[in-house]
Chemist: 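Okay, here's the structure, questions in a sec.
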Amino acid sequence: MKITALLVLKCDVSAEADPIILAQEADVSQFGFFQRSTAKDFIHFVGRTVAKRTPPGQRQSVQHEEYKVHAYNRNGLCALGFMDDHYPVRSAFSLLNQILDEYQKNFGDAWRSAQADGTQPWPYLKESLTKFQDPAEADKLFKIQRDLDETKIILHKTIDSVLARGEKLDSLVEKSSDLSAASQMFYKQAKKTNQCCTIL
């Protein structure tokens, strides 16, 4: 599960103009050195295209090969995430929602007057790109489900170990009953032998 890029864009669906990139962060380290600038250009192109086609108040996911582009347009302010196919959709939209909340908290409605792509880095996006590589950080229910699954695995292991222990206990009980029979036999033999040597 990997997040490749996060973008925040200003989208005016009614206008013919392309959406404006307000903030962006990408990790293209998985691409070859000479492919990285092309990958970033592709991210910008696909990001603008998907954002332009996401109506206000809507969420959508677009599949492209092994990647999914998740978009959430909140009344013209749009967040996009480029993730691999294994990243949970619910966690992706939870992350995008958090990004939009944080953007509006930091910048208010200043984005409405933006006329060109933003070149100023936004540290929160870089932190998010790193922190939310684990989907459980973005979605608390996913984290709880994963913890429950781990507990279930531990519980199964515990039950299996108890059963294995139970089998061992059974063999000990058998051995114990064998010893008990042998002890009884020894006692009987000793009693018989001692009878011949008794002084009256």
Side-chain angles (χ1 to χ4, degrees), residues 1-13 15 17-32 35-112 114 116-146:
M1 292 180 262
K2 179 163 177 55
I3 303 173
T4 303
L6 296 171
L7 289 86
V8 179
L9 300 98
K10 172 189 171 185
C11 305
D12 187 3
V13 179
D18 281 341
I20 296 168
I21 298 174
L22 303 169
Q24 62 179 322
E25 192 62 47
D27 176 16
V28 289
S29 60
Q30 73 264 24
F31 299 103
Q35 296 174 327
R36 291 179 185 170
S37 64
T38 305
K40 286 184 181 178
D41 291 343
F42 183 75
I43 288 169
H44 292 165
F45 170 74
V46 171
R48 288 184 207 272
T49 304
V50 172
K52 190 172 188 175
R53 288 166 176 75
T54 305
Q58 297 288 316
R59 299 170 189 208
Q60 71 174 345
S61 297
V62 178
Q63 178 86 32
H64 178 69
E65 294 175 7
E66 72 269 10
Y67 291 100
K68 274 191 181 171
V69 181
H70 302 285
Y72 177 31
N73 186 338
R74 189 190 288 165
N75 300 320
L77 185 62
C78 188
L80 272 92
F82 286 75
M83 294 140 187
D84 69 6
D85 199 24
H86 303 293
Y87 201 90
V89 174
R90 180 187 167 120
S91 298
F93 285 116
S94 181
L95 169 59
L96 296 180
N97 196 38
Q98 289 176 33
I99 288 172
L100 290 177
D101 288 344
E102 195 66 28
Y103 190 87
Q104 288 189 309
K105 188 171 24 169
N106 286 316
F107 303 106
D109 282 341
W111 62 272
R112 293 188 187 276
D117 287 348
T119 56
Q120 194 76 325
W122 184 32
Y124 180 79
L125 268 189
K126 187 173 184 109
E127 293 166 14
S128 296
L129 189 64
T130 306
K131 178 181 179 185
F132 295 115
Q133 291 296 335
D134 178 10
E137 292 295 326
D139 185 7
K140 298 304 177 195
L141 285 177
F142 183 80
K143 185 175 184 175
I144 291 168
Q145 183 63 46
R146 189 174 67 184

Chemist: Provide the closest heavy-atom pair for Leu80 versus Ala51 in the form atom of the first, atom of the second, distance.
Modeler: CD1-CB, 3.8 Å
Chemist: Side chains of Ile99 and Trp122: does their closest heavy-atom pair fall under 4.5 Å?
Modeler: yes
Chemist: Hey, could you give me the OG/NE2 distance between Ser91 and His70, rounded to the nearest 0.5 Å?
Modeler: 9.5 Å
Chemist: Could you tell me whether the side chain of Lys52 reaches within less than 4.5 Å of the side chain of Leu9, counting heavy atoms only?
Modeler: no
Chemist: Backbone N or O of Arg112 within a donor-acceptor pair of the Lys10 side chain at under 3.5 Å?
Modeler: yes
Chemist: Which atom names give the shortest non-hydrogen contact between Ser61 and Val89, and what distance separates them?
Modeler: OG-CG1, 4.3 Å
Chemist: Before giving the answer on side-chain contact (heavy atoms from CB on, under 4.5 Å), spell out for Asp101 and Lys105 the whole-Å C-alpha distance, their side-chain angles and the decisive distance to 0.1 Å.
Modeler: CA-CA 6 Å; Asp101 288 344; Lys105 188 171 24 169; over 6 Å; no
Chemist: Looking at side-chain heavy atoms only, is the closest gap between Phe82 and Val46 below 4.5 Å?
Modeler: yes
Chemist: Scan Leu7, Asn73, Val62 and name whichever one has a side-chain contact (heavy atoms from CB on, under 4.5 Å) with Val50.
Modeler: Val62
Chemist: Quick one: closest heavy-atom pair of Arg53 and Gln60, and the distance?
Modeler: O-NE2, 3.4 Å
Chemist: Rounded to the nearest 0.5 Å, how far does CD of Glu127 lie from CD of Glu102?
Modeler: 9.0 Å
Chemist: Can you name the nearest heavy-atom pair linking Tyr72 to Arg59, along with the distance?
Modeler: CD1-CG, 3.4 Å
Chemist: In the structure I gave you, are the side-chain heavy atoms of Leu77 and Leu22 within less than 4.5 Å of one another anywhere?
Modeler: yes
Chemist: A side-chain contact here means heavy atoms from C-beta on lying under 4.5 Å apart; do Val8 and Trp111 qualify?
Modeler: no
Chemist: What distance do Asp85 atom CG and Tyr67 atom OH have between them, rounded to the nearest 0.5 Å?
Modeler: 11.0 Å
Chemist: So Leu125 and Tyr103, do their side chains get closer than 4.5 Å, heavy atoms only?
Modeler: no
Chemist: Do the side chains of Leu6 and Ser128 get nearer than 4.5 Å, heavy atoms only?
Modeler: yes
Chemist: Does the side chain of Leu95 come within less than 4.5 Å of Ile3's, by heavy atoms?
Modeler: yes
Chemist: Does anything in residues 37-49 form a side chain to side chain donor-acceptor pair (under 3.5 Å)? List the pairs, not counting sequence neighbours.
Modeler: Gln24-His44, Arg48-Asp117
Chemist: State the CD-CE distance between Glu66 and Met83, to the nearest 0.5 angstrom.
Modeler: 15.0 Å
Chemist: In Å, rounded to the nearest 0.5 Å, how long is the span from CD of Gln104 to CZ of Arg74?
Modeler: 5.0 Å
Chemist: Looking only at heavy atoms, what is the nearest atom pair of Phe93 and Ala71, with distance?
Modeler: CE2-O, 3.3 Å
Chemist: Which pair of heavy atoms, one from Leu96 and one from Ala79, lies closest together, and at what distance?
Modeler: CD1-O, 3.8 Å
